[in-house]
Amino acid sequence: MKVVLLADVKGQGKKNDVIEVSDGYGRNYLIPRKLAVEADNKILNAIKGQEAAKQHQIEVATAEAKEQAAKLDSVLLKIRANCGADGRLYGSITTKEIAEALEKEYGIKVDKRKIQLDEAIRAYGKYDMDVKLYADIVGHVHVLVCN
């Protein structure tokens with residue numbers, strides 16, 4: 001008997017897997033406990049449709065991330081900050097400030113948690129940092145901290 005799992009079943013498979021089980025195990029254990037349903041064409045087509053939709057979402061998100069990475073590579077972000085007599089900034093430039101400046105100046109929305117800052121920016125100068133946009137897609141931001 002072929003069944004489609006509705007939940008993870010130890011030793012059998014994960015949710016939405018189509019597996020072959022004995023008739024008794026399927027009818028007496030899996031189906032009554034709502035762990036599986038019998039696989040027919042309607043259910044198999046629905047699963048194929050869900051997988052196709054999920055794959056399409058991944059492709060769209062990847063394309064958007066690549067486009068955003070290309071935009072970020074061409075950006076030189078200038079952030080103005082005050083400093084003391086020794087040339088060090090009052091406080092530091094955070095990823096939140098960088099994300100806000102990107103949105104304000106260039107209209108590029110980036111989550112502050114995705115900006116990878118090696119160490120705090122505490123002095124004037126040019127800094128390069130990575131922005132993790134998607135699984136394998138990384139953009140680069142060039143930040144110039146000036147007076």
Side-chain angles (χ1 to χ4, degrees), residues 1-82 89-146:
M1 156 182 254
K2 279 192 173 194
V3 295
V4 177
L5 296 177
L6 300 176
D8 293 352
V9 178
K10 188 173 184 178
Q12 296 299 322
K14 302 225 177 259
K15 183 177 180 180
N16 290 333
D17 284 352
V18 178
I19 60 171
E20 184 76 32
V21 296
S22 67
D23 290 344
Y25 182 61
R27 286 202 176 91
N28 297 326
Y29 184 78
L30 294 175
I31 294 173
R33 288 178 173 77
K34 306 223 186 285
L35 296 174
V37 292
E38 193 168 350
D40 60 357
N41 288 337
K42 181 179 176 184
I43 291 173
L44 293 175
N45 286 337
I47 289 173
K48 285 180 185 176
Q50 288 173 352
E51 289 174 1
K54 186 176 182 181
Q55 185 65 31
H56 178 69
Q57 279 182 327
I58 290 171
E59 290 171 1
V60 168
T62 303
E64 288 176 0
K66 285 181 181 178
E67 181 181 315
Q68 194 170 27
K71 285 181 187 177
L72 286 174
D73 287 340
S74 66
V75 167
L76 176 62
L77 184 65
K78 293 181 182 178
I79 297 179
R80 302 208 180 277
N82 296 324
L89 299 178
Y90 294 127
S92 63
I93 305 295
T94 62
T95 56
K96 180 181 178 184
E97 293 175 64
I98 294 168
E100 288 173 353
L102 274 171
E103 186 172 359
K104 182 180 176 185
E105 291 183 30
Y106 296 99
I108 301 173
K109 274 192 156 184
V110 175
D111 187 7
K112 68 178 182 179
R113 294 173 291 217
K114 295 189 180 213
I115 298 173
Q116 297 173 338
L117 193 59
D118 295 332
E119 56 189 45
I121 299 175
R122 297 179 189 263
Y124 289 142
K126 185 174 180 183
Y127 298 90
D128 296 326
M129 56 199 70
D130 295 335
V131 179
K132 188 170 170 95
L133 298 170
Y134 200 67
D136 296 332
I137 301 171
V138 177
H140 303 286
V141 176
H142 308 289
V143 177
L144 179 65
V145 180
C146 56

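Small disclaimer: the values here were computed from a predicted structure and weren't measured.
- Counting heavy atoms of neighbouring residues, nucleotides and ligands inside a 6.0 Å radius, atom CG of Asn41 does not exceed 12 of them.
- In this structure, Ile31 and Val37 approach most closely via the heavy-atom pair CG1-CA, 4.5 Å.
- The closest side-chain heavy-atom distance from Ile58 to Tyr134 is below 4.5 Å.
- The backbone N or O of Lys109 sits less than 3.5 Å from a side-chain atom of Gln68, completing a donor-acceptor pair.
- Between Ile19 and Lys2, the closest side-chain pair of non-hydrogen atoms is not below 4.5 Å.
- At least one donor-acceptor pair under 3.5 Å links the side chain of Asp8 to the backbone N or O of Lys15.
- The closest side-chain heavy-atom distance from Tyr106 to Leu77 is below 4.5 Å.
- Here the straight-line distance linking atom NZ of Lys132 with atom CD1 of Ile115 works out to 14.5 Å at 0.5 Å rounding.
- A distance of 11.0 Å separates NZ in Lys126 from NZ in Lys78, rounded to the nearest 0.5 Å.
- Annotation: Asp40, atom CG; neighbour count of heavy atoms from other residues, nucleotides and ligands within 6.0 Å is above 12.
- Atom NZ of residue Lys71 and atom CG of residue Leu133 lie 11.5 Å apart, to the nearest 0.5 angstrom.
- Considering every non-hydrogen atom in both Gly26 and Pro32, the closest pair reads O-CD, 4.0 Å.
- Considering all non-hydrogen atoms of both residues, Ile43 and Glu38 come closest at CD1-O, 3.4 Å.
- Going from atom CD of Glu100 over to atom CG of Leu102 covers 10.5 Å, rounded to the nearest 0.5 Å.
- No more than 12 heavy-atom neighbours from other residues, nucleotides or ligands sit within 6.0 angstrom of CG on Asp118.
- The two residues Tyr25 and Gln12 make their nearest non-hydrogen contact at OH-CG, 3.8 Å.
- Tyr124 places a side-chain N or O within 3.5 Å of a backbone atom of Ala81 that can act as its donor or acceptor partner.
- Using a 4.5 Å heavy-atom threshold, the side chains of Leu35 and Leu6 count as separate.
- Considering all non-hydrogen atoms of both residues, Ala99 and Val110 come closest at CB-O, 3.5 Å.
- To the nearest 0.5 Å, atom NE2 of residue His140 and atom CG of residue Asp73 are 5.5 Å apart.
- Contact check on Asp111 versus Arg113 returns a salt bridge, with a Lys/Arg side-chain nitrogen under 4.0 Å from an Asp/Glu carboxylate oxygen.
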From CA spacing to verdict: side-chain contact (heavy atoms from CB on, under 4.5 Å), Leu89, Val145 = CA-CA 10 Å; Leu89 299 178; Val145 180; 4.0 Å; yes
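- A donor-acceptor contact shorter than 3.5 Å links the side chain of Glu20 to the backbone of Met1.
- We find the NZ-CD1 distance between Lys42 and Ile47 to be 13.0 Å, quoted to the nearest 0.5 Å.
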